[in-house]
Amino acid sequence: MISQFRERITFNTKTGVSDGAGGYVNTLSSYYTSWAQVVTRTNTRTDIAGKDSINDTITFRIRYTTEKTFTNALVITWKSKTYMINSIINEDDQYQYYLISCSTLK
């Protein structure tokens with residue numbers, strides 16, 4: 001299964017940085033980079049109030065690690081797209097792989 005982990009994903013934290021005018025701008029800071037396998041990927045197109053919207057839903061599999069803690073507060077970047085994390089599951093409760101379900105940010 002190791003040879004199937006061909007995609008490089010980066011987990012990012014959202015941080016607020018001063019914009020110099022008294023406000024803050026959200027930026028992404030790298031938290032953890034991992035090799036991943038794309039398990040499923042679907043695109044859904046919706047038309048809300050006359051605006052087309054495409055939602056990309058994807059599930060990644062990564063190796064289990066105790067090095068970092070993964071939460072829904074993190075976001076993932078992959079192939080120049082940013083995904084918010086919907087769920088993180090310890091696959092089969094065997095502490096070998098995480099299944100991470102994500103969708104594109106709107």
Side-chain angles (χ1 to χ4, degrees):
M1 182 178 280
I2 289 175
S3 65
Q4 296 175 359
F5 291 82
R6 297 183 184 131
E7 303 297 330
R8 201 73 167 152
I9 64 173
T10 302
F11 292 85
N12 300 287
T13 57
K14 297 178 208 171
T15 57
V17 176
S18 175
D19 65 2
Y24 287 91
V25 177
N26 286 327
T27 61
L28 298 178
S29 299
S30 181
Y31 176 72
Y32 182 73
T33 302
S34 175
W35 289 103
Q37 174 188 18
V38 175
V39 179
T40 60
R41 186 174 187 191
T42 57
N43 291 316
T44 308
R45 184 177 179 179
T46 56
D47 183 12
I48 300 173
K51 285 188 140 186
D52 283 334
S53 175
I54 297 175
N55 187 16
D56 191 11
T57 304
I58 192 164
T59 301
F60 295 105
R61 178 181 286 126
I62 66 168
R63 288 179 202 84
Y64 182 86
T65 182
T66 56
E67 212 175 292
K68 298 286 184 175
T69 303
F70 302 108
T71 67
N72 292 12
L74 298 171
V75 295
I76 291 176
T77 52
W78 174 65
K79 292 190 175 183
S80 301
K81 284 191 176 180
T82 303
Y83 296 88
M84 62 181 185
I85 297 174
N86 298 328
S87 67
I88 303 165
I89 300 169
N90 175 2
E91 188 174 19
D92 298 328
D93 290 325
Q94 294 184 0
Y95 300 100
Q96 292 181 339
Y97 303 102
Y98 284 121
L99 285 177
I100 304 170
S101 175
C102 307
S103 58
T104 51
L105 288 173
K106 300 230 181 218

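Atoms considered below: every heavy atom in the structure, side chains included; atoms not considered: hydrogens, waters and symmetry mates. We count residues from 1, following the sequence as given. A quick note: this is a predicted structure, and the numbers were derived from the prediction, not measured.
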Nearest-0.5 Å distance that lies between atom CG in Asn86 and atom SG in Cys102: 6.5 Å

Nearest-0.5 Å distance that lies between atom CG in Leu99 and atom CD in Gln37: 9.0 Å

Inter- and intrachain pairs under side-chain hydrogen bond (donor to acceptor under 3.5 Å, both in side chains), touching residues 16-27, at least two apart: Thr15-Thr27

Test side chain to side chain contact (heavy atoms under 4.5 Å, CB included) applied to Tyr83 and Ile9, step by step: CA-CA 10 Å; Tyr83 296 88; Ile9 64 173; over 6 Å; no

Rounded distance (nearest 0.5 Å) linking atom CD of Glu7 with atom OG of Ser34: 11.5 Å

Parallel, tilted or perpendicular, as decided by the 30° and 60° cut-offs, for the rings of Phe11 and Tyr32: tilted

Minimum side-chain heavy-atom gap Thr57-Arg41 below 4.5 Å: no

Arg8 NZ/CZ over Trp35 ring centroid, <6.0 Å and within 45° of normal: yes

Aromatic contact, Tyr97 with Phe5 (centres under 6.0 Å): yes

Path from Val75 to Ile89 over hydrophobic side-chain contacts below 4.5 Å: no

Spacing of OG1 belonging to Thr40 relative to CZ belonging to Arg61, to within rounding of 0.5 Å: 9.5 Å

Atom of Ile62, atom of Ile100 and distance for their closest heavy-atom approach: CD1-CD1, 3.8 Å

Smallest separation among heavy atoms of Thr10 and Ser30, with atom names: CG2-OG, 3.5 Å

Closest heavy-atom pair and its distance - Asn12, Ile76: ND2-C, 4.3 Å

Thr13 side-chain N/O to Tyr31 backbone N/O, donor-acceptor pair under 3.5 Å: no

Parallel, tilted or perpendicular: rings of Phe70 and Tyr98 (30°, 60°): perpendicular

Phe60 versus Val39, closest heavy-atom pair with distance: C-CG2, 4.2 Å

Side chain Thr71, main chain Ala73, donor-acceptor under 3.5 Å: yes

